[in-house]
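It should be emphasised that the depicted structure is a prediction, and the values quoted were computed from it without experimental measurement. Naming: A, B, ... by sequence-line order, numbering from 1 per chain.
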Protein chains: 2
Amino acid sequence: MSERRRSPVEPESIEPHMCSLDLRLEIIGKLPFFEGLPPAEIERINQSFREIGYQPGETIFFTGDPAVRLYVVASGKVKLMRHTFTGQDILVDILTPGDVFGSLSTLGDETYPNTAQAQTMVCALAINAEDFRRILATYPTVALKVLDMTSARLNEAQEMVRRLSAHSVEQRIAYTLLKLAEKLGEPQDVGLLIQMPLSREDLAGMTGTTTATASRVISQLQRDGLINSGRQWVAITDVEALREIAEGVGAH
Amino acid sequence: MSERRRSPVEPESIEPHMCSLDLRLEIIGKLPFFEGLPPAEIERINQSFREIGYQPGETIFFTGDPAVRLYVVASGKVKLMRHTFTGQDILVDILTPGDVFGSLSTLGDETYPNTAQAQTMVCALAINAEDFRRILATYPTVALKVLDMTSARLNEAQEMVRRLSAHSVEQRIAYTLLKLAEKLGEPQDVGLLIQMPLSREDLAGMTGTTTATASRVISQLQRDGLINSGRQWVAITDVEALREIAEGVGAH
DNA sequence: CGCGTTGAATGATCCAGCGCAAATAACCGC
DNA sequence: GCGGTTATTTGCGCTGGATCATTCAACGCG
């Protein structure tokens with residue numbers, strides 16, 4: 001680690017050559033979707049994928065691109081985004097190793113509804129949409145697991161609709177920080193660190209607000225002693241208090 | 001039709017006895033999920049369902065209830081809702097015949113994330129969640145079609161997140177009216193009538209606003225000549241103009 | 001047809017959050 | 001270590017939409 005860098009967030013330390021056949025074999029073998037399949041089947045599935053490396057900031061696909069491939073995150077983190085006319089994108093999801101993305105519909109989407117962008121260095125496994133469909137048709141347990149994942153995402157999206165409709169920006173930011181900590185939190189001296197680069201703009205995109213407002217809220221939460229933060233990082237120091245804000249407990 | 005009623009929306013004319021075994025057979029035979037299955041299989045599937053009738057306003061299940069059943073709308077319309085602390089629910093979706101609802105996850109949901117309520121007289125077909133899972137495991141084409149439906153709902157929910165984040169109430173209402181007209185629109189003298197009861201409160205719940213604000217917007221759209229409306233109904237008279245509002249074309 | 005109920009419309013007031021801008025701080029390359 | 005760039009912070013004014021209340025209109029029942 002460089003002596004000069006002061007962020008507690010570890011960079012994704014994937015060297016370009018590490019996005020390799022071996023990694024692909026390792027990742028596919030561990031995907032919960034394929035759990036329980038015999039090794040011969042996993043080997044056959046493996047041959048349908050190919051690995052692709054992306055630099056931070058690089059776009060994997062744009063909204064409106066033909067939806068010809070599905071992807072799995074092998075390593076690194078991927079942002080799924082939708083554009084708005086304000087120029088400030090909403091961040092639909094942040095994907096971590098094992099997550100599938102692209103167009104999950106097996107018949108309807110001709111184009112991608114979201115833009116996918118590498119947030120860190122990323123190794124993704126790509127598969128033809130038709131090949132993916134064939135796998136789903138051949139292995140019902142895989143299809144059920146993809147359905148489960150999609151259903152969970154639907155639940156989260158509907159929850160965000162509810163919160164955008166009735167909760168304040170502060171409540172939404174508190175909720176989102178807690179969710180990120182559940183997924184990526186690592187206990188450290190600075191608190192429960194969300195182990196990924198997280199700018200104010202990212203947080204704004206995830207909570208339906210603007211960068212300036214997200215910055216105001218984060219600064220206030222820090223003054224109140226609930227979090228520590230810096231440039232592109234946040235650590236939670238008082239989970240309970242944040243939870244109370246997220247759920248609107250107390251004075252309104 | 002009563003001479004006194006002035007709404008152009010037809011009531012759902014389901015008599016209680018019409019929620020019957022015959023209707024069940026008819027509906028299940030027509031569900032796109034089961035399209036292509038041999039009659040013997042459809043008959044077997046049919047035996048897993050039972051039909052239940054509901055009165056307008058009656059709750060089918062509440063958020064937090066154990067998720068032991070899945071449902072299909074056989075006739076009528078069902079509201080899927082999430083509650084907020086403001087007391088004004090958000091309307092996640094309005095389901096029409098053929099739509100599946102309940103908890104779609106095959107493993108994770110112990111409780112329903114949404115409340116389902118009959119908006120009109122409703123006949124629903126109910127099936128044990130375990131039986132439904134067995135059908136999905138046995139018939140991959142069914143699982144794929146449920147995945148497609150869930151994926152489409154995810155896309156809509158993410159689109160609503162985007163609109164709530166960056167669009168005005170008027171734009172959201174215009175968009176929602178157009179979507180409802182796509183699904184339930186019938187050309188009549190009053191315009192393209194959305195053929196279902198649609199109160200200002202319903203519209204507010206679907207667009208993340210309050211009843212009073214929805215009323216103001218609907219009144220303004222009517223004064224501008226884009227719609228006709230009355231108590232619990234809306235008909236679109238200028239689809240293009242509404243589309244321009246929805247997409248934010250022109251002055252901002 | 002009258003009355004009571006329900007739903008809609010509208011007025012007045014307030015404020016959360018936005019837009020815009022400027023200043024400050026953190027970071028990185030040389 | 002310095003300079004340039006990027007990200008964050010903060011101030012100020014504005015406004016879309018919420019809240020609350022009141023009035024009006026539509027509807028259904030007796």
Within residues 211-230 of chain A: residues closer than 4.0 Å to DNA chain D (heavy atoms): Ala212(A), Ser215(A), Arg216(A), Ser219(A), Arg223(A)
query: Given the rule in the side-chain contact (heavy atoms from CB on, under 4.5 Å) test, do Phe85(A) and Gln171(B) qualify, once you have shown the distances and angles that lead to the verdict?
result: CA-CA 12 Å; Phe85(A) 58 84; Gln171(B) 290 178 298; 4.0 Å; yes
statement: Rounded to whole Å, NE2 of His167(B) lies from P of dG17(D) at a distance of 12 Å
task: In whole angstrom, give the distance that lies between atom CZ of Phe85(A) and atom C1' of dG19(C).
output: 14 Å
- request: Tell me which residues in residues 192-210 of chain B put a heavy atom below 4.0 Å from DNA chain C, sorted by number, or none.
  value: Ser199(B), Arg200(B)
- prompt: Between Thr63(B) and Thr115(B), is any side-chain donor less than 3.5 angstrom from a side-chain acceptor?
  reply: yes
Distance, rounded to the nearest Å, where Gln88(A) contributes CD and dC20(C) contributes C1': 14 Å
- prompt: Any salt bridge between Arg153(B) and Glu156(B), counting N to O under 4.0 Å?
  reply: no
message: Side chains of Arg200(A) and Thr209(A) only: does a donor on one sit below 3.5 Å from an acceptor on the other?
response: no
- line: Here the distance between atom C1' of dA9(C) and atom CD1 of Ile173(B), to the nearest Å, is 14 Å
- request: Have a look at Lys77(A) and tell me which of Leu95(A), Leu184(A), Asp99(A), Val122(A) forms a side-chain contact (heavy atoms from CB on, under 4.5 Å) with it.
  value: Leu184(A)
Which residues share a side-chain hydrogen bond (donor to acceptor under 3.5 Å, both in side chains) with Asn114(A), sequence neighbours left out: Arg82(A), Gln158(B)
query: CZ of Arg231(A) versus C1' of dC28(C): gap in Å, rounded?
result: 9 Å
query: In whole Å, what is the span from the CD atom of Glu170(B) to the P atom of dA18(D)?
result: 14 Å
message: Donor-acceptor check, side chain of Asp202(B) to backbone of Ser199(B), threshold 3.5 angstrom: yes or no?
response: yes
- prompt: Parallel under 30°, tilted from 30 to 60°, perpendicular over 60°: which one fits the rings of Phe101(B) and Tyr71(B)?
  reply: parallel
